[in-house]
Structures are given as structure tokens and as C-alpha cells.
Amino acid sequence: MVTIDLSHTSITDANQQIRDWARDGQDVEIINPDARHNIGVGLVDPITVRIKGSAGYFCGGLSDSAHYEIEHNAGWAVGDNIYKGSVVVGGNAGAIAGVAIRGAEIVVRGNMGSRAGQVMKAGTLCCGGNAAFMAGYMMYGGRIIILGDAAEKVGQDMSAGEIFVGGNIKSLGNDTMIVDMEAHERDEIMAFLERYKLNYRGDFTKVVNAGKKLRYANAEPRSRPQPFFVSSKSSNYWNPKVQEDIWIKGEVGRYRIRGYGASKPVPHLNDIAFAKDVSGVAARPEELKDINLKTTVGGRFGAKPLSLSMPVMIAPMSFGALSRSVKIALARASRLSGISENTGEGGMLDEQRAEADQLIFQCLSGRLGWNVKDMQRADAIEIYISQGAKPGLGGQLMAKKVTPELAAIRGIPVGIDLRSPSRHPDVLGADDLVIKLQEFREATFHKVPIGIKMGAGRVNDDIKIAYKDGFDFVELDGLQGSTGAASTEVLENVGIPTLSGVQEAIDGLAEIDAGDDMDLVMMGGIKDGVDVVKMLALGADCTSVGTSAIIAGGCIACMQCHVGTCPVGIATQDPEHEARYDIDRQSMNMHRYFESLRWQIAAITKALGYDDVHKVNRGDLVALTPEAADITGLPFRPEHRETRRPLTGLELLDRQAG
Amino acid sequence: MCGIAGLIWKGGVTSDIGSEMTQMLQALKHRGPDSTGFALYGKGEEGVYVLRFKVAEQEDMKTGFDIHKQVIERKAMVDTRLEEMGADVTAREDATEYAFRYHFKFGGDLKRLIDFIEDIEGVEILSVGKGLELIKDLGDAAIVAEQYGLKGFVGTHAIGHTRMATESDVDIRSAHPYWAYPFNDVSVVHNGQLTNYWTKRRDLERRGHRFMSNCDSELIAVYVADRIDQGDELESAMSRSIDELDGVFTYLVATSDQLGMAKDVMAAKPMVLYESDEFVGLASEEVAIRSIFPREIDTWDPYQGEVKVWAA
Ligand code: SF4
């Protein structure tokens with residue numbers, strides 16, 4: 001047993017020491033913990049950590065196989081996301097004890113705060129005293145045992161798992177019911193209590209999901225394919241798309257859900273042109289080889305930054321929304337082109353990890369597929385707050401896509417219409433986010449860049465929070481970004497255009513004299529290298545492409561992503577449909593598309609007179625429409641529409657080919 | 001985007017609450033590094049008001065044109081107006097070059113006096129009260145406490161706030177604590193957001209209250225003070241706020257002799273409570289309470305919708 005005194009050791013140093021001792025098989029005792037946050041975060045070895053006092057937030061969080069004994073109290077989110085292992089709290093625990101656990105045993109001898117066991121997937125959370133409201137909120141599995149009383153809304157919106165309450169239940173949550181307990185369950189609980197020396201002889205009330213809300217009452221019918229370009233023709237109100245929309249609502253009696261992005265026209269990068277005539281771009285690759293496109297992202301606080309061959313990343317898209325094959329193809333294409341791939345929600349695939357050189361691992365509110373081991377093998381971490389297509393809303397994955405394999409990686413029941421929570425359980429403000437970020441840094445030893453992904457909303461404020469909270473990079477997504485499934489009204493009406501997003505971000509950072517150490521990655525409707533250069537000139541440091549990568553990889557833009565029977569095997573989990581996807585061929589298509597971006601970015605950079613793409617700036621741009629000028633503050637030069645019209649990607653390719 | 005803390009010594013005990021609150025807020029610095037605010041409740045003298053006011057902001061002192069001359073002029077104007085209204089100033093202290101602390105005796109209409117003084121351009125009254133002294137400025141708790149000499153401030157109870165400024169208006173006026181103008185000795189700190197801010201603000205404006213900022217915490221201060229003015233006890237005023245104010249919030253209110261806490265029905269904002277026979281400490285995180293208690297103590301999270309009030 002080794003002793004670490006927190007009165008004169010920083011948390012980061014202490015956690016490093018604990019990891020080192022754990023590798024040697026030594027148990028550790030922490031004295032003077034004084035309710036400090038993130039004690040013992042990120043441990044993946046089977047040791048015991050004894051905390052002689054009280055712990056702050058996230059004690060024992062993001063760990064696997066370690067055991068923690070906290071003599072006194074624990075703050076918010078004790079045992080966050082633990083796989084195997086245990087935490088025993090001698091006193092009381094704050095809110096969201098046992099949040100997102102995946103198999104751990106968490107025992108709180110005293111009382112526990114609200115939303116205990118939120119989004120937990122497996123394992124046992126046991127409370128010797130009383131539980132505050134919404135115990136088991138949105139839980140996906142596992143068992144909660146409460147020996148004392150439970151306050152309001154027990155099991156609110158739980159999908160699966162069981163809650164056993166010894167004392168009184170103030171009220172039940174939505175979609176829950178009380179059922180009889182089976183004899184073996186009682187035996188198992190008694191054995192559990194025995195193991196942790198909790199004395200209890202009374203009865204239990206068992207609460208489970210009532211199964212009324214797990215699926216939408218009416219499934220989304222498959223509509224006739226109406227490709228994107230048809231539906232976006234908004235010249236009259238009652239076009240076929242609108243009619244179809246009304247018919248289907250008449251059938252299902254609720255809002256509609258679809259995939260893909262917004263179809264309404266908003267000011268975008270096409271409304272901006274280069275101030276200079278770039279028609280004389282260099283065509284041959286030899287002429288462009290000295291143009292620097294290398295881009296690093298995330299080096300703000302000394303973590304190893306992502307090192308990209310050009311200012312382009314692949315946007316976060318989940319295994320779930322997309323098939324395994326597509327995730328593999330994307331990962332491979334990213335390696336071939338020297339850029340990064342992103343897991344999106346729902347976990348990291350081994351093949352994806354193996355194929356991608358640089359992989360960003362995303363953490364979402366439901367903590368689906370989230371775990372410390374994958375964090376530690378990621379090249380960057382990204383906490384998802386929202387996305388451009390549906391800011392403020394959680395993800396949706398319709399039952400058809402929730403296959404046994406997918407459910408296993410995410411830790412959820414098979415075949416439910418999965419609606420991810422819209423908020424993180426442990427981040428309810430910028431102040432909590434600081435502590436969460438610190439937890440991630442501890443779990444990844446301060447070596448991995450940590451970014452924040454957000455949909456454009458109140459960008460001016462949000463970007464300042466991101467900066468002040470200390471993120472290494474921001475991935476900011478506008479309305480033009482696509483999604484696997486969202487309500488149509490949200491898709492078309494809620495987001496903020498990418499152009500406004502980037503401008504507000506730049507302005508916000510300038511207002512607080514933020515300098516340029518936090519990298520800004522812009523996404524949402526980036527379709528070619530021309531767009532990339534314009535985005536960089538507006539002030540972004542990098543861009544990210546999702547929809548265009550998918551189109552390059554075979555998507556025919558039929559907008560049926562939510563249905564789960566994607567005709568080309570992309571947005572599906574159905575083996576028959578997925579079989580249509582040719583990984584080798586499509587990864588090469590994507591790779592070639594990325595190379596076309598590289599070519600265009602270099603050609604335009606050179607035409608603008610620079611040898612480095614990071615030298616392009618706002619002076620290189622003019623606005624073609626009053627709206628674009630108003631949004632960006634660029635000079636309004638309608639005359640450029642004719643003489644300096646930017647080349648489209650296709651034209652540029654033509655020129656390059658010729 | 002902040003951390004809040006409160007403490008109260010029960011049964012008339014006094015202590016160095018200036019240092020205690022400084023330590024608590026310093027422990028919450030990570031929740032809000034930009035500015036720090038204190039509302040400290042001293043014993044006060046019978047019949048004597050304490051006035052805390054500023055005639056400029058720290059930022060202006062660096063950049064403002066001719067600011068040093070203006071500071072002198074504005075302060076002279078405050079002196080003249082106090083005299084005109086018949087206030088008898090018994091002590092004048094410079095807290096900083098631009099912030100002052102006066103003691104005065106006055107028998108007239110306090111609200112009129114306050115309005116008359118605040119009418120001077122650039123002058124902001126931080127607090128007026130028999131016990132309350134309100135201090136807020138840029139920097140962390142240690143810096144502000146040092147600058148304003150808060151160490152050794154003896155009193156019965158205090159609340160405080162650390163703030164991360166994210167609005168484009170980084171004006172210190174939108175920093176906590178809020179004094180519930182024009183009510184003596186009522187102050188508030190708050191963590192969270194109100195969603196029915198404008199509806200409630202219009203209600204209160206119709207009742208004749210004025211607002212200095214667009215900050216929802218100020219609304220809580222005015223709301224509670226207004227209820228007390230209508231005859232509610234602090235506790236019932238706060239309980240009513242749980243029903244009438246919408247959003248996620250945890251807040252602390254102090255009056256001349258009481259400290260209260262309220263937590264919204266969602267309990268979405270943190271609050272940890274420690275209570276013993278002689279002392280109550282509350283903070284966004286336990287780490288703050290620990291900073292003044294080296295020994296092990298028992299703490300817990302108050303329940304959602306809970307209101308508690310303690311007397312000094
Ligand atoms: S082809 Fe597949 S991925 Fe593309 S829009 Fe259709 S369903 Fe979605």
C-alpha cells in the first residue's frame with residue numbers, strides 16, 4: 001500500500017502515480033483528498049484505491065477493473081462510465097451517481113443525489129439510504145437497488161434494466177410499471193448486499209420499463225424516392241414533396257423523420273467569390289507540389305495534435321447511422337489521403353481503428369459505445385454538444401438499425417427506436433464542462449487533443465465558452481450539415497447557416513482577444529476545394545466533410561437514411577443491403593475525391609499568390625449578394641458575379657484535366 | 001457559468017467571514033475565473049448606513065481618456081449630492097482608486113437618495129445597507145479580496161460568486177452578487193438560467209422596479225425583495241419562487257440576518273450543503289466548503305425544489 005498526499009500533489013501527478021503503482025500491482029491510499037475532482041480517473045488495471053476522506057466529481061470515472069473505496073462523500077457522477085470494477089462510497093453521493101456505467105458495482109452507503117444511474121447500461125448501483133428524484137433516468141440496462149426511499153419519477157424514460165426500492169416510492173416515471181419480483185432476483189440482491197455488508201431484511205418494489213414508448217406508435221413509411229434536387233425546388237408551395245409530407249403526417253399522426261440535410265436555400269459559400277481572378281490556376285500537379293497544405297489541429301495545450309495532409313477532416317458520422325462497411329471505407333480513405341476519420345456517436349470499431357491513421361473518438365450524451373479503452377487508443381477526443389442539422393436535439397436511430405451487434409457495442413436493448421438524450425447527464429453548463437474536460441484529460445494523460453463539436457446556435461457565446469473552458473479545437477457545424485435522422489421541420493428550420501456560424505465564431509473569439517491558438521474546424525455544406533479555401537480565408541483553420549464524402553462513396557441522395565434500407569448499403573444495418581457496398585471500390589472513390597480537394601486547394605492557394613494555404617485571408621474574398629455581405633462583413637461586389645465568378649469544382653476539374 | 005457559495009454563523013457568532021468567503025470562492029475559481037463578487041454582512045452600527053459605490057471600472061482605469069480626473073470629479077459630485085440630501089457622512093474610505101466605502105446617517109427617503117446619486121454619469125451604487133457590503137471586480141477571489149482589503153472583515157454571514165464572462169457585455173455590472181435595489185441588505189447569487197425572465201421582469205417593472213442589467217440573477221434579487229416588501233417571510237418568498245420562476249437554477253439569498261437557499265425542481269445545478277450546530281456552508285462544489293474545514297465533515301446535496309433558511 002502506497003500513500004499519496006493530495007494536499008501537495010496535483011490531481012494529474014497523483015493520477016499518473018496511481019497508474020504507475022497499479023501497473024506494479026500496488027494498492028494506493030489517498031490522504032487529504034478534500035473533495036478534489038477526477039481522483040483515479042482513467043485507471044485500467046485491477047487495483048484498489050482507498051480515499052481517506054471525500055472525493056469531488058467523477059471519482060473513479062472512465063476506468064476499467066479498478067476498485068475504489070471512498071471513506072466519506074462523493075461529488076457528482078461518481079463512477080462515471082466504469083466497465084468492470086467497483087466504487088464504494090462511505091457517505092453520501094451527489095447527483096448522477098453511477099452515470100453511464102457498463103458493468104461496474106457502485107455502492108453508496110448514505111443517500112444519493114438526483115438522476116442516479118442516468119443512461120447506465122449494465123452493472124449494479126446500490127444505495128443504502130434514500131435516492132433523490134429520477135433515479136434510473138433514461139437507463140438502458142443494469143440494476144439499481146435503493147434500500148431507503150426513492151423520490152419522484154423513479155425510472156423516468158428508462159428503456160430497460162430493473163430498479164428495486166426497499167422504502168417508499170414517491171412517484172413513478174414515464175413509461176414505467178411495478179412488477180412482481182422473482183425469487184432468484186431477491187437471492188441475488190441479498191448476496192450482493194451481503195458482499196458489501198449492507199444490512200437489509202425488508203421487501204422490495206420492482207420497477208421496470210412498461211414498453212409503451214420504446215417505439216414510435218406508427219413506423220415511418222417508406223416514401224417514394226424524391227431525390228434532393230427535386231424536393232429542394234421550392235418555387236411553389238404545394239409541390240409533390242409537400243403533398244407527400246402532408247399525406248404521411250395524416251398516416252402517422254406525428255412529425256416526420258428523415259435523413260440528409262436541409263433543402264432550403266440559404267446564403268452559403270457560393271455567394272462569396274475570390275477578389276482576385278483565379279481563372280489562371282496552375283493545372284499541373286508539379287506546379288503545386290511546393291504549396292503547403294499541412295494542417296495541425298489541437299496543439300493548444302501541448303497534446304499531440306492531429307497532423308493532416310490538408311485542411312480537411314472527415315466529419316463525425318456514427319456506426320449505426322452508417323453501416324460497418326462504410327465506416328471501414330471512410331477510415332481507409334482517410335488514411336490514404338492523410339486526413340482524419342471520426343467515430344461519431346456509438347462507439348469505435350476495431351477495423352475502423354486499424355484502418356484509420358488518425359481517429360477522433362466522439363462522446364455523446366447517451367454515452368453509447370463510450371469507454372476508456374477506446375479513448376486511450378484515439379488520436380483525439382471530441383465532446384458532442386449538438387449538430388448543425390438539429391441543434392439542441394439528441395440523435396435518433398430507428399429500430400430497424402438497432403441490430404444485436406449494434407446494440408451490444410452501444411450497450412442498449414435490441415430493436416428500440418433509440419432516442420439519445422439531448423443533454424449530457426453531467427454537463428449542464430459551461431462550469432460543469434470545465435470539470436468534464438479535465439476528466440477527459442486525466443483519462444488520456446493530457447496527451448490527446450480534446451475538442452468540442454457543436455451545431456451553430458448562439459455561436460458568439462458558445463465559442464467563448466469553448467475557448468474559456470480550455471478546449472483544443474472546436475468543430476462547428478452549420479445548418480447545411482446532414483444527419484442520419486431528424487424531424488423534417490427541425491432539419492429545415494432550426495439550424496443557423498454555416499456562413500453565419502463561421503462569422504460569429506471569428507467575431508466572438510476576437511471580442512475576447514482569444515488569438516488563434518484554439519483551432520476552428522468548420523463543417524456543414526463543404527462540397528469542394530473551393531469551399532475549403534473560402535472557409536479558411538474567412539477564418540477557419542480546417543474544414544470537415546461528411547455528406548460529400550458519403551456521396552463520393554456511393555450515396556445517391558435519396559434522403560431515406562432514417563429507414564434503414566439504404567439502396568446502396570450506406571445508411572443501413574441490414575446485412576442484405578450492406579452486402580451491396582463494395583469497400584475496396586468505394587474507399588478508392590472517396591480517396592480520389594479527397595485528392596481532388598487537395599488539388600483544388602493547392603491550385604487556388606497558388607492562384608491567390610500564396611505558398612501556404614494558411615496564408616489566405618479575408619482580403620481574398622468578396623461577397624456576391626447583399627445577404628452574404630451582411631453576414632460576413634465582406635465587401636459587396638456584385639460585378640464579380642460575371643467576371644470573377646468562382647469556378648465550380650467540376651469546372652476546375654475540367655480545367656485540370658485539360 | 002459560475003460557482004456560488006454561502007456561509008452563515010448561527011446564534012450571533014461572528015467570524016472573519018472576509019477570509020472564509022475568499023477561501024471558498026478561490027476553491028471555485030475553475031468555475032469562473034474572470035471576476036469575483038462578495039456580499040458580506042457585518043454587524044453594523046445602529047442608525048448608520050454603509051454605502052459601497054464605484055465611479056469607474058477597472059477596465060476604464062487602463063483605457064479611459066482623462067479617467068483619473070473624472071474619478072475625482074465624480075466622487076466630488078457624490079459628496080455634494082449626499083450633502084444636498086441631508087446625509088451625514090461619518091467616514092470615507094478608498095477601497096480602490098475608483099471604488100469607495102462611506103458610512104452615513106440619514107433619516108429621509110433612501111430610495112430618492114440612491115436614485116439621485118446614481119444619476120451621476122459613471123457612478124454605480126454596489127450596495128447600501130445597515131450590514132451588507134457588496135464588492136465585485138475583475139480577477140479571482142484572492143485578487144479581489146486583496147485589492148479591497150477583505151481579509152479580517154468580521155461578520156455573521158456572506159454569499160459570493162465566481163464568474164466566467166461569456167456575454168459580449170463583459171461589464172462587471174452583470175456580475176454577481178446582486179443587491180435588490182432599493183431594498184436594504186438583500187443580495188442574491190445564482191447559478192443557472194431563468195426561462196421566463198422577460199415575463200417576470202415585465203411584471204416587476206409594472207410594479208415600479210428598475211433593472212440595472214439583463215441578468216436573470218438580478219431578477220431573482222428583485223423578485224424576492226419585492227415579496228418580502230409585500231409581507232412575505234424570506235422562506236415563503238423563496239418557496240413561491242420555485243413555482244413562479246421557470247428554468248434551472250440554484251440560488252442563495254442573504255438579508256440582514258438570514259441566509260436562504262433554493263433549488264429548482266429539476267435540480268440541474270449543483271449545490272452541496274454542510275450544516276452543524278454553529279455553522280452552515282453551501283457551495284456549488286464540496287471542495288469550497290472543505291477549503292475552510294480541514295477536518296472531515298458530512299455534506300449532502302439538497303433535494304430538488306428544496307428551500308432552506310437559516311438565521312444568524
Ligand atoms: S443513398 Fe443511402 S445514404 Fe444516401 S441518401 Fe439514400 S439512404 Fe441516405
Side-chain angles (χ1 to χ4, degrees), chain A residues 7 32-37 52-57 71-76 90-97 110-115 129-130 132-134 151-153 423 425-426 428-435 437-438 458 460-470 507-508 511-512, chain B residues 1-4 23-24 27-35 161-170 190-193 247-250 263-274 281 283-306:
Chain A
S7 64
N32 296 314
D34 289 339
R36 305 261 287 280
H37 304 315
K52 310 297 265 183
S54 289
Y57 284 27
E71 213 172 66
H72 249 82
N73 305 325
W76 277 33
N92 300 325
I96 41 176
N111 301 326
M112 61 184 187
S114 57
R115 297 181 285 123
N130 303 328
F133 85 140
M134 284 202 198
E152 297 85 348
K153 302 192 179 176
R423 280 170 174 259
D426 41 13
L428 296 162
D431 32 29
D432 307 327
L433 189 53
V434 176
I435 308 170
L437 170 61
Q438 205 55 32
R458 289 180 12 178
N460 193 283
D461 289 335
D462 296 344
I463 196 92
K464 291 175 189 165
I465 293 172
Y467 184 82
K468 294 200 172 187
D469 275 0
D507 291 345
E511 280 166 25
I512 54 168
Chain B
M1 279 150 282
C2 59
I4 60 178
Q23 283 176 46
M24 288 181 85
L28 294 175
K29 179 179 173 179
H30 56 277
R31 296 182 79 88
D34 293 329
S35 67
H161 183 267
T162 66
R163 169 167 175 264
M164 183 193 292
T166 49
E167 307 84 4
S168 21
D169 172 23
V170 288
H190 151 246
N191 179 11
Q193 302 88 33
V248 290
F249 53 83
T250 296
K263 204 162 176 172
D264 67 309
V265 293
M266 301 290 290
K269 291 289 166 186
M271 172 61 67
V272 179
L273 167 63
Y274 163 68
S284 302
E285 294 171 26
E286 182 162 341
V287 71
I289 305 174
R290 296 264 160 198
S291 70
I292 52 175
F293 285 99
R295 60 185 153 77
E296 276 308 322
I297 50 175
D298 250 328
T299 63
W300 67 90
D301 280 26
Y303 280 169
Q304 68 283 357
E306 195 159 331

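Computed over heavy atoms, backbone and side chain alike; hydrogens, waters and symmetry mates excluded. Quick note on labels: first sequence line is chain A, next is B, and so on, each numbered from 1.
For A/Ser114, the part lying under 4.5 angstrom from a heavy atom of chain B is the side chain only. Using a 4.5 Å cut-off between heavy atoms, B/Val248 does not touch chain A at all. Contacts between B/Ser291 and chain A at a heavy-atom distance below 4.5 Å are absent for every atom of the residue. Contacts of B/Val287 with chain A are made by both backbone and side-chain atoms, with heavy-atom separations under 4.5 Å. Only the backbone of B/Ile297 comes within contact range of chain A, with heavy atoms under 4.5 Å apart. Of the atoms belonging to A/Ile435, it is side-chain heavy atoms, and not backbone ones, that fall under 4.5 Å from chain B.
Looking at A/Asp431 and B/Arg31, a side-chain N of the basic residue comes within less than 4.0 Å of a carboxylate O on the acidic one, giving a salt bridge.
Listed for the A/Asn92 side chain is a donor-acceptor partner under 3.5 Å among the backbone atoms of B/Thr299. A/Lys468 contributes no side-chain N or O that, together with a main-chain N or O of B/Gly32, makes up a donor-acceptor pair within less than 3.5 Å. Looking at B/Asp301, its side chain does come within 3.5 Å of a backbone N or O of A/Ala95 through a donor-acceptor pair.
A/Tyr57 and B/Ser284 make their closest contact through OH-O, 3.9 Å (heavy atoms, listed as atom of the first residue, atom of the second, distance). Across B/Met164 and A/Ala430, no two heavy atoms sit closer than the pair SD-CB, 4.3 Å.
Heavy-atom pairs under 4.5 Å with chain A were tallied for B/Val265, B/Leu28, B/Val272, B/Ile289; the largest tally goes to B/Val265. Among B/Gly305, B/Pro270, B/Ala27, the residue making the largest number of heavy-atom pairs under 4.5 Å with chain A is B/Pro270. Among A/Ala55, A/Ala151, A/Gly53, A/Gly56, the residue making the largest number of heavy-atom pairs under 4.5 Å with chain B is A/Gly53. Of all the listed residues (A/Leu433, A/Ile463, A/Asn73), the one sharing the greatest number of non-hydrogen pairs under 4.5 Å with chain B is A/Asn73.
A heavy-atom distance below 4.5 Å is not found between the side chains of A/Asp34 and B/Glu286. Within the 4.5 Å cutoff, side-chain heavy atoms of B/Gln304 are placed close to those of A/Glu152. With a 4.5 Å cut-off on side-chain heavy atoms, B/Glu285 and A/His37 count as touching.
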- A/Gln438 and B/His30: CA distance, side-chain angles, deciding distance, side-chain hydrogen bond (donor to acceptor under 3.5 Å, both in side chains) verdict: CA-CA 11 Å; A/Gln438 205 55 32; B/His30 56 277; over 6 Å; no
